[in-house]
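One structure is given here, and the rest of the page talks about it.
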Amino acid sequence: MTRYYVTTAINYPNGAPHIGHAYEAVATDWLARFARADGRDVRFLTGTDEHGLKIAQAARTAGLAPRAYVDRMVEAFVTMADRLAISRDRFIRTTDPDHARAAQALWQRMADAGDLYLDRYAGWYSVRDEAFYGEGETTLQADGTRLAPTGTPVAWLEEESWFFRLSRFQQPLLDLYARQPDFVQPASRLNEMRAFVEMGLRDLSVSRTSFDWGVPVPGSPGHVMYVWVDALANYLTGAGFPDAGCDRWWPADLHVIGKDVVRFHAVYWPAFLMSAGLPLPRRVFGHGFILNRGEKMSKSAGNVVEPVALADRYGVDSFRYFLLRSIAFGQDGEWSHEAIATRINAELANDLGNLAQRTLSMIARAGGRVPARGEAGPAEMALMEKAQTLLSHCREAHAAVRPDLALDAIFALVAATNLYVSERAPWSLRKTDPAAADTVLWHAAEAIRRIAILLVPAMPERMARLLDLLAIPEDRRNFIALDCELRSGVELPSPVGLFPRVETDQPERVTSQPV
RNA sequence: GGCGGGGUAGCUCAGUUGGUGAGAGCGCAGGAUUCAUAACCCUGAGGUCGCGGGUUCAAAUCCCGCCCCCGCUACCA
């Protein structure tokens, strides 16, 4: 039994969760559930990144203390995780007490390694924004003053800061990419990271004195850890670091992240860990964004959609299926109500739902028990052959972090089973050769059983219903039990529809209100 | 500007050691069927494979030039 520690990025709760958060959570949940069903020892971590200047500012605007503010904002993320059936083992918050301990332990290790030093951080600072901006972000006015992207004036300011000797790690990182080309996926992201590192690395400012909403730097009053040392350390916290036994989970097998934070996970994070003398995660996968009508969602564009609303409208499992199936994981994808409805109707209602319904209702009419298996002919052998090779295809897709390909393979069997039933026409055989009709229904039901088990990670609730309809015991719903064939004579419950068709006529907009 | 990826049927895409007549799903049209959620099954519609050259007996697949799109090019996360 191999262990599998998988994480999402932690989310910054300065707004409501959007479909992108849901996408990453559902995809990672599929990975975790798949590994569990496959008998692996799984730990699945997700959570929120709650420190930093922006949170502090937002809290002040809201008239709340930072802690009270994040307590309120995090609720929506927990609600979303619950509603989308995200089977996390822990929802970590960077304000959790054990996280500060882990982050400080990581810091101390980097300090002990001699990779942290005190210097001055200088940049264009906006007093009104209380933020530094890169020179490229600022604009020089005709009168010689310089403005931040927010339109506020900036001034050159220097601040005492701890620095991390990132420059030391250029070659070790390049070695890592060469030795382990799948450390960053998709491969195009690795290329980008390699190019970035090859340009040379500057040391990184990793503490701040201009605000205090963060993890205190050990032994350095007035400094809080800045940005990514704090955030990235959550993966260690989730493994139990720095306590003994954390090597049960660390290093992580996979960090699932958005393509926008690949650099932090593929450059800074391994550098921090190398400095600290800790093992590196095995793999970082940067997925794409989900766009609506070709535009990235943003609050100002008014096209932010609440994922929970979509789950309510289409059903949790149908929504999960859409997210997993319709986007090649790693690429950007599009969503629309029409696309969701089409996917649900064509694949869940017409193909899978109808296959289950037609098969189970014929069985119900023939006595309501799993029919006799009978003698398999060429058609049955061919169908079973396809069904039996499916697991290995799905495992490949799982290893490649491609839920879309796994579902593609599973639905190929759905199609093959529909074709099998149509060609064998058990409704006709019933009149001439009842035993042959039973044989067809048994094999169709057996294929459905395997399909349902393999679809549990994607659609846990609906597939549990389907497996109920096949009277499969709870302990026979994992991949280890895939070869436990349907047993003839077992009484089955009355079939019920699983995936009703969705109306596509007048898609109402499901839009969030500004928070 | 530099580096990297991509432009294939209405839509989303698959298709590189160059070679049977260029594919899948969705959508559309027709047919068949009636077990089933007006579902399943069959058939079809034909797209200059971004543009222009070149190599070759033969190129979507190799080479050159051009056009367009996207990603990365460090401290907002």
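No experiment lies behind these values; they were computed from the predicted model shown. Chain naming here is simple, since letters A, B, ... match the order of the sequence lines and numbering starts at 1 in each.
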Subject >> Min side-chain heavy-atom separation V267(A)-L173(A) under 4.5 Å >> reply: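 Answer yes - side chains close enough.
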Original post:
What about N354(A), does its side chain sit under 3.5 Å from the base of A36(B) through a donor-acceptor pair?
Top reply: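 When only heavy-atom distances are counted, N354(A) does reach the base of A36(B) through a donor-acceptor pair under 3.5 Å.
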Looking for any heavy atom pair under 4.0 Å, which part of the strands does [X] touch: base, sugar-phosphate only, or nothing?
X	result
R430(A)	nothing
M199(A)	sugar-phosphate
G353(A)	base
L498(A)	base
S361(A)	sugar-phosphate
L355(A)	nothing
D351(A)	sugar-phosphate
F499(A)	base
D203(A)	base

**OP:** Would you please indicate if the ring centroids of Y235(A) and H265(A) are separated by under 6.0 Å?
**Re:**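 Distance test on ring centres: under 6.0 Å, yes.
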**OP:** Examine F91(A) together with F77(A) and report whether their ring centres are nearer than 6.0 Å.
**Re:**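 No, ring centres 6.0 Å or more apart.
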Original post:
Can you tell which of U33(B), U37(B), A77(B) lies closest to the side chain of Q357(A)?
Top reply: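 Selected nucleotide (nearest to the side chain): U37(B).
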**OP:** Please report the shortest heavy-atom distance between F329(A) and D404(A), naming the atom on each side.
**Re:**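 So the two residues come closest at N-OD1, 3.3 Å.
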Original post:
Residues in side chain to side chain contact (heavy atoms under 4.5 Å, CB included) with I327(A), at least two apart?
Top reply: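 I327(A): side chain to side chain contact (heavy atoms under 4.5 Å, CB included) contacts with Y23(A), I290(A).
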**OP:** Determine: side-chain N/O of R358(A) to OP1/OP2 of U37(B), distance under 4.0 Å, yes or no.
**Re:**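 False: R358(A) side-chain N/O out of range (4.0 Å or more) of U37(B) OP1/OP2.
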Subject >> Contact under 4.0 Å: R365(A) side-chain N or O vs A36(B) OP1/OP2 >> reply: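 The answer is yes; a side-chain N or O of R365(A) sits under 4.0 Å from OP1 or OP2.
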Subject >> Separation of C70(B) P from R189(A) CZ (nearest whole Å) >> reply: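 Atom CZ in R189(A) sits about 14 Å away from atom P in C70(B).
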Subject >> Separation of C76(B) P from H51(A) NE2 (nearest whole Å) >> reply: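 My rounded result for the distance is 19 Å.
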Subject >> Of residues 416-424 of chain A, the positions that come close to RNA chain B - non-hydrogen atoms, cut-off under 4.0 Å >> reply: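 Under 4.0 Å from RNA chain B: N418(A), L419(A), S422(A).
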Original post:
In whole Å, what separates the P atom of C63(B) from that of G6(B)?
Top reply: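 The answer is 12 Å between these two P atoms.
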Original post:
Is atom CD of E461(A) surrounded by more than 12 heavy atoms (other residues, nucleotides or ligands) closer than 6.0 Å?
Top reply: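 Yes, because the 6.0 Å sphere around CD of E461(A) holds more than 12 heavy atoms from other groups.
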